Asker: 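Can you read through this structure? Questions will come right after.
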Amino acid sequence: MPDTKPDFDIRAFRNALVEWFRREGKDYPWRRTTDPWHILVSELMLQQTTIPTVLGRYERWMRQFPTPGHLASVDEQTALRSWEGLGYYRRVRSLQAIAREIVHEFGGEFPDNPEGLKRLPGIGPYTSGALLSFAFNKAAPIVDANVARVLARIDNYSVPVDSTEGLKYLWTRAENLVDPEHAREFNSAIMELGQTYCRISAPDCLLCPVRSFCSAEQPEMLPVKNPKPEITRVEHHDVLYLRGKSILLARCPEGKRHAGMYRFPQREDDHTLSLPHVLKQTYSVTRYKVTRYIHHVTESPAFLEGEELVPLDKVHELPMASPDRKALNSPVLGKLLDHIR
DNA sequence: TACACGTGGCG
DNA sequence: TCGCCAAGTGT
């Protein structure tokens, strides 16, 4: 068992890590607060998203929605629009659902225990631990990709970290290691170690503050992960249809990708496909590599479910996924739109 | 359990 | 150009 490794001095490990963090830890906006609302926003933004991306968005979001009440009171479209470009839009729906629950059910107070937190949508074991430690300084474990890498290397652990067995091991190990006296600093430290010295490629073991605790023989080979699904190429054909000073857009249905967001209407009929395209885009979305053609349609198509004409001066208010926003802002479409404005 | 869910940066 | 990856969760 991980907690019974004979020559591993847990207290010394905690001290080395926390002291390193106090010396060299970075200063992020979300490390300057213990307000659970601020911590929650930062954690949801940071899920599968890089720190530079979040640094470019976090403070503006907090100015717009400084309390749960501010997000609870706007409509979903406004919330989605504010999240635009960050991806994984379910996160902002969860955030708004949580905000409304905090305001209307919990009198504005966050739960400070794992049972209460994990009942909230979008909060899993990682985010629960992050809130408990970063906001409430409680000795809750966290395991994210950084912690998994650090722990796998420290223990020279070669079971896939995304397997059931691997996850169980890592969470148990994280729970044993977390410093009960300095949970906030310890969890920040172990994550930051994974981003700096214990990085994925070319780890800098010579400068690592906990190198004397590490068993890794070939750190660059750890952690082991399960293989990823293959990439599938797909083609989409969409239409640009303008009438007066409006554009035809489709609202994505609930429960599907980009739910609640607006996109160019899709068509697969032979007539549409026979028209020359005004724009060709390629982009990746999860396991798909998409080639998307936008055809300029001049005769009114039959409107399908969820499609509506949107005045061009309102388009900027609607939430759109990045490829659609980029298409709309592209020079070639811009020229067409300017022509009728 | 395996897959869906976005995006941008980097080697 | 391409594959990999990031402070994961829901189903």
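Every chain is numbered from 1, with letters handed out A, B, ... down the list of sequences. In this text, all values refer to a predicted model and were calculated from it rather than measured experimentally.
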Asker: Once you measure the plane-to-plane angle for Trp20(A) and Tyr197(A), does it fall in the parallel (<30°), tilted (30-60°) or perpendicular (>60°) bin?
Answerer: tilted

Asker: Across the strands shown, which category fits Pro52(A) at heavy-atom distances under 4.0 angstrom: base, sugar-phosphate, nothing?
Answerer: nothing

Asker: Can you tell me how far C1' of dA4(B) sits from CD1 of Ile231(A), to the nearest Å?
Answerer: 13 Å

Asker: Which part of the nucleic acid does Arg149(A) contact within heavy-atom distance under 4.0 Å: base, sugar-phosphate only, or nothing?
Answerer: sugar-phosphate

Asker: Is there a side-chain contact between Gln47(A) and the phosphate of dA7(C), meaning an N or O under 4.0 Å from OP1 or OP2?
Answerer: no

Asker: Would you check if there is a donor-acceptor pair between the side chains of Arg233(A) and Thr291(A) at a distance under 3.5 Å?
Answerer: no

Asker: Check whether any side-chain N or O of Gln195(A) sits under 4.0 Å from OP1 or OP2 of dA7(C), and answer yes or no.
Answerer: yes

Asker: Looking only at the side chains, is there a donor atom on one of Asn176(A) and Arg173(A) sitting less than 3.5 Å from an acceptor on the other?
Answerer: no

Asker: Do Thr49(A) and dG6(B) share a donor-acceptor pair, side chain to base, under 3.5 Å?
Answerer: yes

Asker: With heavy atoms under 4.0 Å as the rule, sort Ala145(A) into base, sugar-phosphate or nothing.
Answerer: sugar-phosphate

Asker: Examine dG6(B): is either OP1 or OP2 under 4.0 Å from a nitrogen or oxygen in the side chain of Tyr288(A)? Give yes or no.
Answerer: no

Asker: Which nucleotide sits closest to the side chain of Lys228(A): dG8(B), dC5(C), dG6(B)?
Answerer: dC5(C)

Asker: Do any side-chain nitrogens or oxygens of Arg287(A) fall under 4.0 Å of OP1 or OP2 in dA4(B)?
Answerer: yes

Asker: Between atom CG in Leu46(A) and atom P in dT9(C), what is the gap in whole Å?
Answerer: 12 Å

Asker: Contact class for Thr127(A) (heavy atom, under 4.0 Å): base, sugar-phosphate, or nothing?
Answerer: sugar-phosphate

Asker: Looking across every strand, which nucleic acid part, if any, lies under 4.0 Å from Thr286(A) by heavy atom: base, sugar-phosphate, or nothing?
Answerer: base

Asker: Reckon Arg91(A) has a side-chain N or O less than 4.0 Å from the OP1 or OP2 of dG6(B)?
Answerer: no

Asker: From NZ of Lys118(A) over to P of dG8(C), roughly how many Å is that when rounded to an integer?
Answerer: 16 Å

Asker: Within the structure shown, what part of the strands sits under 4.0 Å from Gly194(A) by heavy-atom distance: base, sugar-phosphate, or nothing?
Answerer: nothing

Asker: Which nucleotide in the list dC5(B), dA7(C), dT7(B) gets nearest to the side chain of Ile51(A)?
Answerer: dA7(C)

Asker: It should be established whether Tyr88(A) places a side-chain nitrogen or oxygen under 4.0 Å from OP1 or OP2 of nucleotide dA6(C).
Answerer: no

Asker: Are OP1 or OP2 of dG6(B) and a side-chain N or O of Lys289(A) less than 4.0 angstrom apart?
Answerer: no

Asker: Rounded to whole angstroms, how far apart are CZ on Arg199(A) and C1' on dC10(B)?
Answerer: 14 Å

Asker: Base, sugar-phosphate alone, or nothing: which one does Pro229(A) contact when heavy atoms must sit under 4.0 Å apart?
Answerer: nothing

Asker: What's the closest nucleotide to the Pro125(A) side chain, out of dA7(C), dT7(B), dT9(C)?
Answerer: dT9(C)

Asker: Select from Thr50(A) and Ser163(A) the residue whose nearest nucleotide in DNA chain B is closer to the 5' end of that strand.
Answerer: Ser163(A)

Asker: Distance check: side-chain N/O of Arg90(A) vs OP1/OP2 of dC5(B), anything under 4.0 Å?
Answerer: no

Asker: Would you indicate whether Asp75(A), at its atom CG, is surrounded by more than 12 heavy atoms from other residues, nucleotides or ligands within a distance under 6.0 Å?
Answerer: yes

Asker: When the distance from NZ of Lys256(A) to P of dC5(B) is rounded to whole Å, what number comes out?
Answerer: 10 Å

Asker: Where the side chain of Arg233(A) is concerned, which of dC2(C), dT7(B), dA7(C) is the nearest nucleotide?
Answerer: dC2(C)

Asker: Sort out for me which residue in Arg267(A), Glu268(A), His295(A) forms a side chain to side chain donor-acceptor pair (under 3.5 Å) with His237(A).
Answerer: His295(A)

Asker: Name the nucleic acid region contacted by Ser42(A), choosing base, sugar-phosphate or nothing; use a 4.0 angstrom heavy-atom cut-off, strictly under.
Answerer: nothing

Asker: Specify the residue among Met191(A) and Ile123(A) whose closest nucleotide of DNA chain C lies further upstream toward the 5′ end.
Answerer: Met191(A)

Asker: dC3(B) C1' sits how many Å from Glu230(A) CD, rounded?
Answerer: 14 Å

Asker: Which listed nucleotide (dA6(C), dG8(B), dA7(C)) is nearest to the side chain of Ile200(A)?
Answerer: dA6(C)

Asker: Check the distance between dG8(C)'s C1' and Asn226(A)'s CG and give it to me in whole angstrom.
Answerer: 16 Å

Asker: More than 12 heavy atoms of other residues, nucleotides or ligands under 6.0 Å from CZ of Arg119(A): is that the case?
Answerer: no

Asker: Measuring from the side chain of Tyr89(A) (C-beta onward, heavy atoms only), which nucleotide among dT7(B), dA4(B), dA7(C) has the closest atom?
Answerer: dT7(B)

Asker: In whole angstrom, give the distance that lies between atom NZ of Lys26(A) and atom P of dA7(C).
Answerer: 12 Å

Asker: Compare the minimum distances between each of dA6(C), dC5(B), dA7(C) and the side chain of Arg31(A), then state the nucleotide with the smallest one.
Answerer: dA7(C)

Asker: Side chains of Glu84(A) and Tyr89(A): donor-acceptor distance under 3.5 Å anywhere?
Answerer: no

